[in-house]
Participant: 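One structure is given below, represented as structure tokens, and several questions about it will come after.
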4 protein chains.
Amino acid sequence: MNTRTERADQSSVRRTQILAIAARLIASQGYSATTVRDIADEAGILSGSLYHHFSSKEAILEEILRSFMDGLLARFEEIASAGTSPRETFDALVQHSFLTIEREPDAVGLYQNESAFLATQPGFEFLQEKSSRIEALWMTVLREGQAAGAFRGSMDVGVVYRFLRDSLWSTVRWFRPGGRHTAESVSGHYLDLFHNGLLAD
Amino acid sequence: MNTRTERADQSSVRRTQILAIAARLIASQGYSATTVRDIADEAGILSGSLYHHFSSKEAILEEILRSFMDGLLARFEEIASAGTSPRETFDALVQHSFLTIEREPDAVGLYQNESAFLATQPGFEFLQEKSSRIEALWMTVLREGQAAGAFRGSMDVGVVYRFLRDSLWSTVRWFRPGGRHTAESVSGHYLDLFHNGLLAD
Amino acid sequence: MNTRTERADQSSVRRTQILAIAARLIASQGYSATTVRDIADEAGILSGSLYHHFSSKEAILEEILRSFMDGLLARFEEIASAGTSPRETFDALVQHSFLTIEREPDAVGLYQNESAFLATQPGFEFLQEKSSRIEALWMTVLREGQAAGAFRGSMDVGVVYRFLRDSLWSTVRWFRPGGRHTAESVSGHYLDLFHNGLLAD
Amino acid sequence: MNTRTERADQSSVRRTQILAIAARLIASQGYSATTVRDIADEAGILSGSLYHHFSSKEAILEEILRSFMDGLLARFEEIASAGTSPRETFDALVQHSFLTIEREPDAVGLYQNESAFLATQPGFEFLQEKSSRIEALWMTVLREGQAAGAFRGSMDVGVVYRFLRDSLWSTVRWFRPGGRHTAESVSGHYLDLFHNGLLAD
DNA sequence: GATGAATGAGTGTTCATTCAT
DNA sequence: AATGAATGAACACTCATTCAT
């Protein structure tokens with residue numbers, strides 16, 4: 001590996017470190033309560049030095065969200081196009097979601113807290129677009145499941161999707177890696193509840 | 001009604017107006033992105049004049065959250081002590097929750113966005129305390145339902161509660177009064193899903 | 001005079017003070033080398049307090065230039081429409097210009113230093129417009145003077161105007177009120193030179 | 001030519017390029033509004049790399065001004081000591097000045113905009129000194145012209161010099177090489193006006 | 001109860017400059 | 001001769017808060 005490549009890699013490493021730090025702080029304090037000085041302090045540099053790597057505070061936020069959404073959508077699309085039955089696909093989508101919460105809790109938390117407001121802001125239109133595509137993908141699975149007789153046909157799929165989605169992603173607030181739960185165990189509880197409901201019999 | 005009472009009432013009216021404005025702004029933009037000037041502008045006064053009504057920006061936030069939590073807990077306790085069956089109690093709790101979202105969407109939204117971070121801040125310990133009591137109340141209903149054979153006994157009540165709670169309150173993000181849904185219709189969808197689950201048969 | 005009027009006047013007084021301070025500093029150091037702290041320091045307030053009176057540093061600059069240009073153009077138009085002979089009008093324009101330099105040397109100096117660059121900047125289009133109208137007004141006087149046989153007909157009026165204008169307004173760099181020269185004496189020298197030229201006979 | 005000399009020449013070429021770029025940017029935007037990054041960008045290098053050629057931003061400015069002033073004064077001295085008549089000398093000084101504006105508009109423009117402020121700054125005393133010598137040289141020509149009966153004796157030579165100088169050098173703001181005017185044509189207009197004045201007869 | 005002027009701390013960002021590589 | 005990461009000071013501007021009027 002030559003010197004130029006090493007340097008580019010180091011640069012990439014530095015950027016990635018900063019993005020991780022920023023994601024953590026923004027996820028826990030909120031975007032506007034997190035200062036660039038907070039981020040720089042944790043990165044061990046001065047706040048002005050951040051601008052060597054990123055053009056603005058907002059650009060950091062955008063990069064975190066964009067790469068999170070891109071990765072998530074890509075993986076969801078793989079799962080949806082795997083040719084499995086609607087119920088199997090649904091279960092796999094759920095399992096991957098909990099895996100994502102386990103692996104990237106900061107990006108998930110940040111998205112949960114900030115995306116509603118950001119989606120309307122210039123430069124963040126991609127949030128709307130990606131989440132629409134994710135919604136369409138889940139809705140398709142639910143509708144196909146109804147058509148195939150796997151899911152109850154009487155439900156309003158649009159409303160059900162929202163209940164499922166919110167219940168799933170809100171998990172990030174209490175399910176943190178290293179605690180009592182794993183992605184797998186939470187997935188299990190989630191699927192049991194949403195498959196069968198609360199009622200006995 | 002004497003002059004003193006009238007004045008106190010006017011003051012109270014003004015306070016209530018300001019609290020409503022603040023709740024709306026904070027719910028939509030977040031606490032730290034909402035300035036006291038934003039609030040004052042909407043109230044038609046100068047920002048400094050807010051301090052005749054409230055001692056600080058934080059005090060406004062606290063008052064909104066405290067009265068919201070107090071009211072909610074009080075009503076939940078009424079419902080829980082009505083002597084109905086666990087399933088009836090559960091359904092009533094759900095219905096009242098959606099009614100609360102319909103009536104006080106700003107307080108609910110604000111609570112959803114800010115409470116996680118605030119709960120650890122000095123002066124906001126009451127958030128932790130009230131929400132613990134609410135949690136205990138719901139958990140009791142769920143456990144009693146299991147004991148009575150109404151709810152499936154195999155579920156982890158703690159995890160189920162979180163799924164139920166998050167799904168329910170997150171509704172505030174898409175169910176706004178005056179839209180396609182009413183508290184009643186959303187309640188219906190919610191109870192159908194959580195009672196019976198997704199799966200057919 | 002009631003309290004409200006007094007206060008509005010004080011406010012106006014404060015603004016005027018700040019504008020005068022800013023004009024002086026910007027005229028001597030340049031706009032971008034003059035900081036809002038420089039201005040605030042001289043005004044005896046903190047830099048942030050300037051924003052109670054003006055929305056931005058640029059707004060201060062704009063207000064100085066706009067009121068200067070408006071006043072100058074208005075007076076020039078009065079002079080040009082007084083019905084005097086071309087030569088009398090010309091002399092009066094010159095005399096008023098030197099009077100302006102004597103009375104508002106900071107605005108004149110600031111205009112000399114910054115207007116060329118600013119004229120192309122958004123929000124400062126008025127500079128171009130006003131100076132075009134001033135140019136048209138002088139050119140008319142010069143052309144009428146040629147037509148009337150008062151001024152030599154062989155000269156290129158456009159070029160001559162520029163020589164006259166630059167020589168006149170550049171005076172601000174060395175003719176400061178309170179020095180060896182007065183507006184009247186400098187006017188005399190200027191008119192003698194430009195009327196009769198350098199050459200003897 | 002040996003390697004060392006070649007290298008020094010390359011270095012010299014690079015320096016000259018950078019000086020030309022800097023002169024152009026500073027002339028059009030002003031010194032403090034021109035960043036070292038602006039200069040480096042146009043030179044195709046990073047801003048830090050400028051410091052291999054110049055010790056500071058100020059050193060660039062100084063070098064531009066010093067070489068401009070040295071060249072101008074040297075040429076003026078040649079003209080003044082050519083033994084021609086005062087009027088011929090005067091005309092030659094004017095002609096050379098316009099030639100200088102045509103050849104080095106950036107240095108001239110930069111000097112016009114910045115020298116008044118810079119002259120008082122440490123490290124730029126040479127500006128004062130050179131311009132004093134230039135002034136003395138022109139004043140001598142004017143006085144000798146008066147003594148010889150070529151120029152009118154009634155004029156205040158000090159004031160006249162300033163009018164002549166400002167009118168001449170301000171030309172840089174509107175006379176740019178490649179436009180409608182040449183140094184020669186502008187010289188002609190200038191000399192006609194200042195020789196003979198505006199008035200007919 | 002409200003104004004308007006001001007404070008003082010802090011915000012995101014820019015800049016000339018340094019230096020190991 | 002140039003890079004790229006960093007510095008440290010400064011910048012324009014914002015904010016919650018205070019207080020005399």
Side-chain angles (χ1 to χ4, degrees), chain A residues 3-4 6-8 10-11 13-15 18 32-40 43-60, chain B residues 7 10-11 14-15 32-40 43-60, chain C residues 3-4 6-8 10-11 14-15 18 32-40 43-60, chain D residues 7 10-11 14-15 18 32-40 43-60:
Chain A
T3 307
R4 175 167 295 169
E6 261 171 38
R7 216 179 258 152
Q10 280 191 341
S11 162
V13 164
R14 201 67 167 121
R15 281 178 65 89
I18 292 169
S32 73
T34 301
T35 69
V36 297
R37 273 178 182 81
D38 290 339
I39 299 169
I45 57 178
L46 290 174
S47 68
S49 304
L50 276 182
Y51 291 79
H52 194 66
H53 302 282
F54 301 95
S55 63
S56 70
K57 183 188 176 189
E58 206 176 89
I60 296 177
Chain B
R7 214 179 265 150
Q10 279 191 340
S11 160
R14 203 73 167 114
R15 282 176 65 88
S32 75
T34 301
T35 70
V36 298
R37 215 198 206 91
D38 289 340
I39 300 168
I45 57 177
L46 290 177
S47 64
S49 305
L50 274 183
Y51 291 80
H52 286 285
H53 302 283
F54 301 96
S55 63
S56 70
K57 184 188 176 188
E58 209 177 85
I60 297 177
Chain C
T3 308
R4 175 168 295 171
E6 261 170 40
R7 218 180 256 153
Q10 279 190 341
S11 163
R14 202 69 167 119
R15 280 177 66 88
I18 292 169
S32 74
T34 301
T35 70
V36 296
R37 265 183 186 81
D38 290 340
I39 300 169
I45 57 178
L46 290 174
S47 67
S49 304
L50 274 183
Y51 291 81
H52 194 69
H53 303 281
F54 301 94
S55 62
S56 69
K57 183 188 175 188
E58 206 176 88
I60 296 177
Chain D
R7 213 179 266 150
Q10 279 190 341
S11 161
R14 202 77 167 111
R15 282 177 65 88
I18 292 169
S32 75
T34 301
T35 71
V36 298
R37 215 197 206 95
D38 289 340
I39 300 168
I45 57 177
L46 290 177
S47 65
S49 305
L50 274 183
Y51 290 80
H52 285 286
H53 301 283
F54 301 95
S55 63
S56 71
K57 183 188 177 188
E58 208 176 87
I60 296 176

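By convention in this document, chain letters (A, B, ...) are assigned in the order of the sequence lines, proteins followed by strands, and residues within each chain are numbered from 1.
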Participant: Examine E/dG4: is either OP1 or OP2 under 4.0 Å from a nitrogen or oxygen in the side chain of C/Arg14? Give yes or no.
Facilitator: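 For E/dG4, neither OP1 nor OP2 has a side-chain N or O of C/Arg14 closer than 4.0 Å.
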Participant: Check the distance between F/dT21's P and B/Leu46's CG and give it to me in whole angstrom.
Facilitator: 18 Å
Participant: How does protein contact run along nucleotides 14-19 of chain E, one letter per nucleotide 5' to 3', with B for base contact, S for sugar-phosphate only, - for none, heavy atoms under 4.0 Å?
Facilitator: BSSBB-
Participant: To the closest 0.5 Å, what do you measure between CG (B/Leu50) and OG (B/Ser55)?
Facilitator: 11.5 Å
Participant: Starting from the 5' end of DNA chain E, give me the residue, B/Leu50 or C/Ile45, whose nearest nucleotide shows up first.
Facilitator: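 The 5'-side residue here is B/Leu50.
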Participant: What residues, two or more places apart in sequence or in another chain, satisfy side chain to side chain donor-acceptor pair (under 3.5 Å) together with D/Ser32?
Facilitator: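 Scan of D/Ser32 (side chain to side chain donor-acceptor pair (under 3.5 Å), adjacent residues dropped) gives C/Ser32.
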Participant: Please list every stem that involves DNA chain F, where a stem is a run of 3 or more consecutive Watson-Crick or G-U wobble pairs with both pairing distances under 3.5 Å.
Facilitator: E:2-21 with F:2-21
Participant: Provide, to the nearest angstrom, the distance between the CD1 atom belonging to B/Ile39 and the P atom belonging to F/dA16.
Facilitator: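 Result: 8 Å.
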Participant: Could you pick out which residue, D/Gly44 or C/Asp38, lies toward the 5' side of DNA chain F when each is mapped onto its nearest nucleotide?
Facilitator: D/Gly44
Participant: Run the side chain to side chain donor-acceptor pair (under 3.5 Å) test against B/Ser47 and tell me which residues pass, sequence neighbours left out.
Facilitator: none
Participant: Which distance, rounded to the nearest 0.5 Å, do you find between the CZ of A/Arg15 and the NE2 of A/His52?
Facilitator: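 Result: 11.0 Å between the selected atoms.
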Participant: Given atom CZ of C/Phe54 and atom C1' of E/dA6, what is their separation to the nearest angstrom?
Facilitator: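 The distance from CZ of C/Phe54 to C1' of E/dA6 comes to 15 Å, rounded to the nearest Å.
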Participant: For residues 33-40 of chain C, dump all side-chain donor-acceptor pairs below 3.5 Å to protein atoms at least two apart in sequence or in another chain.
Facilitator:
unit_1: C/Thr34; atom_1: OG1; unit_2: C/Leu25; atom_2: O; d: 3.3
unit_1: C/Thr34; atom_1: OG1; unit_2: C/Gln29; atom_2: OE1; d: 3.2
unit_1: C/Thr34; atom_1: OG1; unit_2: C/Gly30; atom_2: O; d: 2.6
unit_1: C/Thr35; atom_1: OG1; unit_2: C/Arg37; atom_2: N; d: 3.3
unit_1: C/Thr35; atom_1: OG1; unit_2: C/Asp38; atom_2: N; d: 2.9
unit_1: C/Thr35; atom_1: OG1; unit_2: C/Asp38; atom_2: OD1; d: 3.3
unit_1: C/Thr35; atom_1: OG1; unit_2: C/Asp38; atom_2: OD2; d: 3.3
unit_1: C/Asp38; atom_1: OD2; unit_2: C/Thr35; atom_2: N; d: 3.1

